[in-house]
S.K.: 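Here you go, one structure.
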Amino acid sequence: MLKAVILIGGPQKGTRFRPLSFEVPKPLFPVAGVPMLQHHIEACAKVPNMKEILLIGFYQPNEELTRFLFTSQQEFKITIRYLQEYAALGTGGGLYHFRDQILSGGPQAFFVLNADVCSEFPLPEMLAFHQEHGDPSSLVILGTTANRTQSLNYGCIVENEETNEVLHYVEKPGTFVSDIINCGIYLFTPDIFQHIAGDVWGLLSLALEEPANGWHRAAAIRLEQDIFTALAGQGKLYVYKTLSFWSQIKSAGSAIYASRLYLNRYHITHPERLACNQDGGPKISGTVYIHPTANIDPSAVLGPNVSIGTGVTIGAGVRVRESIILHGASLQDHCCVLNCIVGWDSTIGKWARVEGTPSDPNPNDPYAKIDSETLFRDSKLTPSITILGCNVTIPSEVIILNSIVLPHKDLNRSFKNQIIL
């Protein structure tokens, strides 16, 4: 019997995803037409002998999360539960806090997935790899190859090339260590809790030495820095390297890139989700997802990499490329939307142009990953995709370029390289 745990974080995280995370928890943001988490759940549900999926985070339960859990259980015919942390306990602390729930029923092993990654999720392959490497209590990290410069932004893994054992692990090193990076997807056995327990006792002893002022902060235990670093080189930790796509989803710009990766994958997994050219419909160029409730003029041109949400209205002559259009948005006649996320119930006027700068990886480097750009560089807003928050109105015949517009704004002129508060 197997289980899966998805670490979804909480509202204090995902700040780089604002203003989109104001309206919906980041893990429920639609990527390639479905909530980000649905890709993880679908991959877990396909694994044979998978009995339960647990979400661990510190979001307050809300109607949207509850509805998503209910519909996912109905669709994938598997038990899905949300376990709420009382505080941010870290990637290891949350697992340890809910260890009884995870071990209930006696699973032989369980997957742990971070919610903010986009992947093909080769979970069956990781399971087969685990059975072939090390002893039954060994742990597996999913790894992939990055270029030398970008590897410094991730957890770096030094492996034994013959056995795939992890010999050394460093989280975000200051100098080059290895081009194999941690993908944030793991396969653990119940023995992981013995390793975490050692760290818990260490934190408790430190807490007892602190002055007794009636308050102790929650002990945050990080799998990467606290557990993997200690286990490396002990014959307990192995890396399974994937050649398939993988990316983090830290910022809104990376959501557009992740959407492209998933849409391309739909050719194999969900061809029914991809729009195609047909009489009386819009012109489709490349991979495009259109929700059945969207109303699109036949003269519109969509794609590549476009996702159209529920109830969206797109007028005559509209051009949309490399963008996510969220539910209820209205794109009026002849407007142009490039490299953008258009927020819920927003309106773009006639002949307006809303454009951003793509933050894609270097196409000439097969190991390049998307950069997590800082918001500002040299006291200026870093050119990136344009984001319209919820219920934004863009007037006709203006240009919005490389800007972030917070929710509920009615603009009256053009803007360039600005955050509009």
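What you are looking at is a predicted structure, and each value in this text was computed from that prediction instead of being measured.
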S.K.: Is it true that Arg222 and Glu171 make a salt bridge, defined as a side-chain N closer than 4.0 Å to a carboxylate O?
M.R.: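 Salt bridge flag = no for Glu171 with Arg222.
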
S.K.: Using a 3.5 Å distance criterion without hydrogens, assess whether the side chain of Asp333 forms a donor-acceptor pair with backbone atoms of Ala316.
M.R.: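 Side chain of Asp333 to backbone of Ala316: a pair is present.
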
S.K.: Using distance alone, with no hydrogens and no angle criterion, decide if Gln248 and Ser254 have a side-chain donor and acceptor under 3.5 Å apart.
M.R.: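 Per modelled atom types, Gln248 and Ser254 side chains form no pair under 3.5 Å.
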
S.K.: If you count heavy atoms of other groups shown closer than 6.0 angstrom to CZ of Phe70, is the number above 12?
M.R.: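 For Phe70, atom CZ is not crowded (no more than 12 foreign heavy atoms under 6.0 Å).
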
S.K.: Distance check, rounded to the nearest 0.5 Å: Leu388 atom CG versus Ile348 atom CD1?
M.R.: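 Taking CG in Leu388 and CD1 in Ile348, the distance rounds to 5.5 Å.
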
S.K.: What I'd like to find out is whether the side chain of Arg99 reaches to under 4.5 Å of the side chain of Gln101, using heavy atoms alone.
M.R.: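 Of all side-chain heavy-atom pairs linking Gln101 with Arg99, none is under 4.5 Å.
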
S.K.: With the threshold set at 4.0 Å, does a side-chain nitrogen-carboxylate oxygen contact exist between Glu165 and Lys236?
M.R.: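 Salt bridge absent between Glu165 and Lys236.
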
S.K.: How long is the straight-line distance from CD1 of Ile399 back to OG of Ser414, given to the nearest 0.5 Å?
M.R.: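 If we round to the nearest 0.5 Å, Ser414:OG and Ile399:CD1 are 5.5 Å apart.
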
S.K.: Between Lys51 and Thr79 (side chain of the first, backbone of the second, donor and acceptor by atom type, cut-off under 3.5 Å), is there such a pair?
M.R.: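 Between the backbone of Thr79 and the side chain of Lys51 there is no qualifying donor-acceptor contact (under 3.5 Å).
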
S.K.: Does some side-chain heavy atom of Phe98 sit less than 4.5 Å from a side-chain heavy atom of Glu85?
M.R.: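 Yes. Closest side-chain heavy atoms under 4.5 Å.
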
S.K.: Closer than 3.5 angstrom, by distance alone: can the side chain of Ser323 be matched with the main-chain N or O of Ile341 as a donor-acceptor pair?
M.R.: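 Not at all, since once roles are kept as given, no pair shorter than 3.5 Å links the two residues.
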
S.K.: Nearest 0.5 Å, please: how far is SG in Cys44 from CD in Glu52?
M.R.: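 Here the rounded value is 12.0 Å.
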
S.K.: Distance from Tyr367 atom OH to Ser151 atom OG, nearest 0.5 Å?
M.R.: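 Here the rounded value is 13.5 Å.
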
S.K.: Within the 3.5 Å criterion, strictly below it, is a donor on Thr149 or Asn147 matched to an acceptor on the partner's side chain?
M.R.: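 Short answer, no.
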
S.K.: For residues 118-128, which side-chain donor-acceptor pairs fall under 3.5 Å, sequence neighbours excluded?
M.R.:
from: Ser119; atom 1: OG; to: Phe121; atom 2: N; distance (Å): 2.9

S.K.: I want to know whether His97 and Tyr86 have ring centres closer than 6.0 Å.
M.R.: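 Yes.
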
S.K.: Do the side chains of Lys241 and Ile180 get nearer than 4.5 Å, heavy atoms only?
M.R.: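 Heavy-atom side-chain distance check passes, below 4.5 Å.
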
S.K.: With the side chain counted from C-beta on, respond yes when Phe111 and Met50 share a heavy-atom pair under 4.5 Å apart, and no when they do not.
M.R.: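 Yes - at least one pair of side-chain heavy atoms lies under 4.5 Å apart.
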
S.K.: Using a strict 4.0 Å threshold on nitrogen-to-oxygen distance, state whether Glu397 and Lys350 make a salt bridge.
M.R.: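 Salt bridge: no.
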
S.K.: How many angstroms lie between atom CD1 of Ile157 and atom NE2 of His168, to the nearest 0.5 angstrom?
M.R.: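 Output value for this atom pair is 11.5 Å.
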
S.K.: Under 6.0 Å between ring centres: does that hold for Trp246 and Tyr262?
M.R.: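 No, ring centres 6.0 Å or more apart.
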
S.K.: Side chains of Ile404 and Ile420, heavy atoms from C-beta outward: is any pair under 4.5 Å?
M.R.: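 No; the side chains remain at least 4.5 Å from each other.
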
S.K.: Can you find a heavy atom in the side chain of Leu406 that is under 4.5 Å from one in the side chain of Ile419?
M.R.: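 Yes - at least one pair of side-chain heavy atoms lies under 4.5 Å apart.
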
S.K.: Keeping the roles fixed (side chain from Asn305, backbone from Ile256), state whether a donor-acceptor pair exists under 3.5 Å.
M.R.: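 Yes, Asn305 side chain to Ile256 backbone: donor-acceptor pair under 3.5 Å.
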
S.K.: Using side-chain heavy atoms (C-beta onward) and a distance below 4.5 Å, is Phe29 in contact with Ile324?
M.R.: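 When only atoms from C-beta onward are counted, Ile324 and Phe29 do touch, with a gap below 4.5 Å.
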
S.K.: Do NZ/NE/NH1/NH2 and the carboxylate oxygens of Arg148 and Asp179 come within less than 4.0 Å?
M.R.: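 So Arg148 does not pair with Asp179 through a salt bridge.
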
S.K.: Assert yes or no for the condition that the ring centre distance of Tyr257 to Phe245 is strictly below 6.0 Å.
M.R.: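 No - the distance between ring centres of Tyr257 and Phe245 does not fall below the 6.0 Å cut-off.
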
S.K.: Got a donor-acceptor contact below 3.5 angstrom from the Thr293 side chain to the His291 backbone?
M.R.: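 The answer is no, because no donor-acceptor pair under 3.5 Å joins these two groups.
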
S.K.: Determine, step by step, whether Leu223 and Tyr186 satisfy the side chain to side chain contact (heavy atoms under 4.5 Å, CB included) criterion, reporting the C-alpha distance in whole Å, the side-chain angles of both residues, the deciding distance to 0.1 Å, and the verdict.
M.R.: CA-CA 10 Å; Leu223 281 174; Tyr186 316 117; 4.0 Å; yes

S.K.: If you count the non-hydrogen atoms of other residues, nucleotides and ligands that lie under 6.0 Å from CD in Glu272, is the total more than 12?
M.R.: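 It does: Glu272 CD has more than 12 such atoms within range.
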
S.K.: Is it true that a side-chain atom of Lys409 and a backbone atom of Leu421 form a donor plus acceptor pair closer than 3.5 Å?
M.R.: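 Side chain of Lys409 to backbone of Leu421: a pair is present.
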
S.K.: Judged by atom type as modelled, is there a donor-acceptor pair below 3.5 Å linking the side chain of Thr229 to the main-chain atoms of Gln225?
M.R.: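 Yes, Thr229 side chain to Gln225 backbone: donor-acceptor pair under 3.5 Å.
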
S.K.: Using atom types as modelled, flag every donor-acceptor pair under 3.5 Å from a side chain in residues 283-290 to any protein atom, sequence neighbours excluded.
M.R.:
none

S.K.: Is the backbone N or O of Arg265 less than 3.5 Å from a side-chain atom of Thr269, with the two atoms forming a donor-acceptor pair by type?
M.R.: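 Yes, because the side chain of Thr269 sits within donor-acceptor range (under 3.5 Å) of the backbone of Arg265.
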
S.K.: Could you tell me how the ring of Tyr266 sits relative to the ring of His270: parallel (under 30°), tilted (30 to 60°) or perpendicular (over 60°)?
M.R.: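 It falls in the perpendicular class, over 60°.
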
S.K.: Could you tell me whether a side-chain N or O of Lys369 sits under 3.5 Å from a main-chain N or O of Thr145, the two making a donor and an acceptor?
M.R.: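 At least one qualifying donor-acceptor pair exists.
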
S.K.: Please tell me if the side chains of Leu7 and Leu113 come closer than 4.5 Å, counting only heavy atoms from C-beta onward.
M.R.: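 No; the side chains remain at least 4.5 Å from each other.
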
S.K.: Look only at the side chain of Glu355 and the backbone of Leu401, and say whether a donor-acceptor pair between them is shorter than 3.5 Å.
M.R.: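 No, the answer is negative, given that no donor and acceptor are paired below the 3.5 Å cut-off.
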
S.K.: Between Asn339 and Glu322, do the side chains contain an N or O donor and an N or O acceptor separated by less than 3.5 Å?
M.R.: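 No donor-acceptor contact under 3.5 Å links the two side chains.
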
S.K.: Side chains of Asn402 and Thr357 only: does a donor on one sit below 3.5 Å from an acceptor on the other?
M.R.: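 Asn402 vs Thr357: donor-acceptor pair found between side chains.
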
